[in-house]
Asks: 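Mind looking over this structure? Questions follow.
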Amino acid sequence: RSIFEAGIYKIPSILSLIDVVEDVVEDMVTGLVIPEKNAKELANGITKLAEDETLRNKLGAAAFERFKKINNPKRAGKDVLEVYQKLLSK
């Protein structure tokens with residue numbers, strides 16, 4: 001949830017997971033994906049975003065666009081309608 005909230009404010013996320021869900025954070029597109037349990041890479045990622053305003057703004061803007069796409073009310077309504085239609089057709 002906090003990753004989506006960051007996207008609302010155009011803040012890129014730094015994520016460290018074994019299995020990354022790319023529709024949430026895409027490395028060097030909407031944020032940074034760091035290998036799990038790699039403190040040095042995590043520190044490097046934090047430093048990179050702290051020092052590179054252009055990159056930070058670029059990733060933040062992309063995170064915001066991804067948030068808008070995922071949270072589009074028309075899309076959500078269509079998705080819910082499809083679920084109901086599938087249930088009713090069984």
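Sequential numbering from 1 along the given sequence is applied to the chain's residues. The model shown is predicted, which means the values in this text are computed figures rather than measured ones.
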Asks: Could you work out, with side-chain contact (heavy atoms from CB on, under 4.5 Å) as the rule, every residue matching E36, not counting sequence neighbours?
Replies: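 By the side-chain contact (heavy atoms from CB on, under 4.5 Å) rule, E36 matches S16, I18.
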
Asks: Once side-chain contact (heavy atoms from CB on, under 4.5 Å) is applied, do any residues pair with I14, and if so which ones, sequence neighbours excluded?
Replies: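 Counting only residues at least two positions away or on another chain, I14 forms a side-chain contact (heavy atoms from CB on, under 4.5 Å) with L32, I34, L42, I46, L49.
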
Asks: Should V29 and I11 be counted in the same cluster of Ile, Leu, Val, Met, Phe, Trp and Tyr side chains packed under 4.5 Å apart?
Replies: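 Unlinked, V29 and I11 end up in two clusters.
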
Asks: I need the full list of salt bridge (Lys or Arg N to Asp or Glu O under 4.0 Å) pairs touching residues 77-90, with sequence neighbours left out, sorted by first then second residue.
Replies: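 Qualifying pairs: R75-D79.
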
Asks: Check whether F67 and Y9 end up in the same hydrophobic cluster, where Ile, Leu, Val, Met, Phe, Trp and Tyr are linked by side-chain heavy atoms less than 4.5 Å apart.
Replies: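 They do share one cluster, since a chain of ILVMFWY contacts under 4.5 Å joins F67 to Y9.
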
Asks: Please assess M28 against L55 for the test side-chain contact (heavy atoms from CB on, under 4.5 Å), listing each intermediate value before the final yes or no.
Replies: CA-CA 9 Å; M28 294 300 295; L55 178 63; 3.8 Å; yes

Asks: Looking at residues at least two apart in the chain, or sitting in another chain, which of them share a side-chain contact (heavy atoms from CB on, under 4.5 Å) with E53?
Replies: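 By the side-chain contact (heavy atoms from CB on, under 4.5 Å) rule, E53 matches R56, N57.
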
Asks: Which heavy atom of A63 sits nearest to which heavy atom of T30, and what is that distance?
Replies: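 Closest heavy-atom pair between A63 and T30: CB-O, 3.7 Å.
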
Asks: Which other residues belong to the hydrophobic cluster containing F64, where Ile, Leu, Val, Met, Phe, Trp and Tyr are joined when side-chain heavy atoms lie under 4.5 Å apart, directly or via other members?
Replies: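 Once heavy-atom contacts under 4.5 Å are chained together, F64 still belongs with nothing else.
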
Asks: Holding to side-chain contact (heavy atoms from CB on, under 4.5 Å), I want the full list of residues that pass it with K40, two or more places apart in sequence or in another chain.
Replies: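 Residues passing side-chain contact (heavy atoms from CB on, under 4.5 Å) with K40: N38, N44.
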
Asks: Once salt bridge (charged side-chain N to carboxylate O under 4.0 Å, His left out) is applied, do any residues pair with K68, and if so which ones, sequence neighbours excluded?
Replies: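 Partners of K68 under the salt bridge (charged side-chain N to carboxylate O under 4.0 Å, His left out) test: E65.
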
Asks: To the nearest 0.5 angstrom, please state how far the OG atom of S89 sits from the OH atom of Y84.
Replies: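 The distance works out to 14.5 Å.
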
Asks: Just verifying a value: how many Å separate F4 CZ and N71 CG, rounded to the nearest 0.5 Å?
Replies: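 So the CZ of F4 and the CG of N71 are separated by 6.5 Å.
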
Asks: Work out which heavy atom in I3 is nearest to a heavy atom in S13; give both atom names and the distance.
Replies: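 Nearest pair, atom of I3 first, then S13: CG2-OG, 3.7 Å.
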
